[in-house]
Amino acid sequence: MLSEPRSGRLAAWGNALLAGLVSPDDAALAIVGEDAVHRVEGLPGESGPVGLTLALGRLRALGVKGLRVALPAPGHPLGLSGPPDFNARALDAEEAVVCHGAALGLVPEVYEAGPEGDVHVEVVWHCLAVREAPPADVPSLGEAERELAEALREATEVLSRLDVAGSGPVAEAAVDAYRARAERGREVLAPGYTPRAVRVLELAQRVGLLISVAYENGHGGAVSASEISARALALRPVERTARRAQVAAYNAFVEERERGVR
């Protein structure tokens with residue numbers, strides 16, 4: 001399922017902070033979410049790891065005007081612009097944040113700490129040099145919305161054709177989790193994002209939910225290896241479209257600023 005990535009929270013609330021729409025403390029609290037702590041390592045001018053509030057202020061001082069998301073996958077460097085070292089680390093993490101206005105990027109490294117039964121998550125964002133170039137394969141919001149509508153139809157048709165069960169405990173749990181997340185807060189993109197960006201992100205997550213049900217809810221009618229392979233092959237481009245739309249939604253804030261909308 002296309003859940004909210006940490007890079008999405010950092011970019012969304014970081015953009016709101018850079019635009020003066022939220023306080024540093026509120027932005028840091030939203031970015032950390034349910035994790036225990038986030039630190040940023042490798043910031044120019046800092047000798048060691050620093051907290052999010054200081055890091056965001058330092059990025060602003062370095063000339064950062066906005067934050068973009070990258071959600072790369074093997075063979076698909078979505079949102080990346082290089083160099084190869086940064087792309088490789090982002091691909092390994094499956095996500096990254098690329099700064100607009102300064103040639104810097106942030107890649108998260110996630111640690112679990114604490115005794116069994118009381119494990120907490122700590123995140124270190126590694127600040128690295130990036131190439132200043134257009135991000136790879138990121139559509140506009142309008143393109144993403146059109147592609148998603150078609151992808152949603154395709155995903156539904158594929159699940160129906162391959163007889164993937166749409167009910168059962170796993171499917172019901174996935175749907176309940178999606179609804180709970182949607183009800184928990186409508187500002188997953190933080191203040192300053194347009195209703196269209198929110199709509200595109202929600203639709204991308206809905207498509208991701210269908211893909212999750214397809215992969216996690218048993219094998220449905222796809223009882224042979226070839227049928228299971230056919231299902232994965234059919235859903236792969238749908239998942240790719242949903243990831244592209246998710247990045248387009250998170251990056252809409254910066255794209256609008258570049259066009260002079262803000």
Side-chain angles (χ1 to χ4, degrees), residues 1-19 21-22 27 30-31 33 66-73 76-81 90 94-98 100 134-159 174-175 177-214 235-262:
M1 190 189 306
L2 293 174
S3 58
E4 184 182 20
R6 289 181 173 88
S7 57
R9 293 203 306 269
L10 176 57
W13 288 91
N15 283 331
L17 173 62
L18 291 169
L21 300 174
V22 297
I31 293 166
L67 302 171
R68 289 188 173 103
V69 170
L71 297 178
H76 189 203
L78 176 61
L80 298 175
S81 58
E94 299 182 339
E95 61 177 313
V97 171
V98 179
H100 171 60
D137 198 36
V138 179
S140 68
L141 267 183
E143 292 169 336
E145 195 166 28
R146 290 191 296 272
E147 292 172 2
L148 270 176
E150 179 62 28
L152 186 57
R153 288 193 293 270
E154 289 177 3
T156 303
E157 290 172 2
V158 166
L159 300 189
V175 172
Y178 174 81
R179 287 173 177 163
R181 190 169 60 251
E183 292 171 359
R184 190 162 57 237
R186 308 298 292 179
E187 287 191 331
V188 292
L189 282 177
Y193 279 85
T194 65
R196 188 178 200 182
V198 174
R199 184 169 69 246
V200 168
L201 181 60
E202 288 177 339
L203 186 55
Q205 291 174 337
R206 183 180 173 191
V207 172
L209 174 64
L210 289 177
I211 296 169
S212 177
V213 169
L235 289 175
R236 196 169 298 130
V238 180
E239 189 273 341
R240 182 187 180 108
T241 297
R243 280 193 303 111
R244 291 179 76 238
Q246 194 175 25
V247 170
Y250 284 120
N251 293 4
F253 195 100
V254 175
E255 305 309 326
E256 289 179 359
R257 173 160 288 188
E258 282 192 316
R259 294 198 310 269
V261 175
R262 296 180 184 279

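By convention here, the first residue in the shown sequence is residue 1. Computed from a predicted structure; not experimentally measured.
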Side chain to side chain donor-acceptor pair (under 3.5 Å) with [X]: which residues, sequence neighbours excluded?
X	result
R240	none
E145	R196, R199
R146	none

Which heavy-atom pair separates [X] from [Y] by the least distance, and what is that distance?
X	Y	value
A136	P77	CB-O, 3.3 Å
A245	L148	CB-CD1, 3.3 Å
A16	A190	CB-CB, 4.1 Å
L80	A90	CD2-CB, 3.8 Å
L17	A27	CB-CB, 4.1 Å
V138	G79	CG2-CA, 3.8 Å

Would a 4.5 Å heavy-atom cut-off, applied to side chains only, mark [X] and [Y] as touching?
X	Y	value
V254	L67	no
R68	P135	yes
L71	S7	yes

Practice item. Using distance alone, with no hydrogens and no angle criterion, decide if N15 and Y250 have a side-chain donor and acceptor under 3.5 Å apart. Key: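 No.
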Using 0.5 Å steps for rounding, measure from the [atom1] atom of [X] to the [atom2] atom of [Y].
X	Y	atom1	atom2	result
R9	I31	CZ	CD1	8.5 Å
F253	L18	CZ	CG	8.0 Å
L78	E94	CG	CD	12.5 Å
L10	E95	CG	CD	9.5 Å

Here's a test for you: under side chain to side chain contact (heavy atoms under 4.5 Å, CB included), which of V200, V198, T194 qualifies with L189?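 Of the listed residues V200, V198, T194, the side chain to side chain contact (heavy atoms under 4.5 Å, CB included) partner of L189 is V198.
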Would you check, one step at a time, whether the test side chain to side chain contact (heavy atoms under 4.5 Å, CB included) holds for Q246 with L201?
CA-CA 5 Å; Q246 194 175 25; L201 181 60; 3.5 Å; yes
Review point. Does E239 come within less than 4.0 Å of R236, counting only side-chain N to carboxylate O?
Key: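 So E239 does not pair with R236 through a salt bridge.
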R244 vs E143, salt bridge (Lys or Arg N to Asp or Glu O under 4.0 Å): CA-CA, chis, key distance, verdict
CA-CA 10 Å; R244 291 179 76 238; E143 292 169 336; 5.5 Å; no
- prompt: Given V247 and R243, is the side chain to side chain contact (heavy atoms under 4.5 Å, CB included) satisfied, shown in steps?
  reply: CA-CA 6 Å; V247 170; R243 280 193 303 111; 5.7 Å; no
### Task
Could you give me the CA-CA distance, side-chain angles and deciding distance for V207 and V238, then say whether side chain to side chain contact (heavy atoms under 4.5 Å, CB included) is met?
CA-CA 8 Å; V207 172; V238 180; 3.6 Å; yes
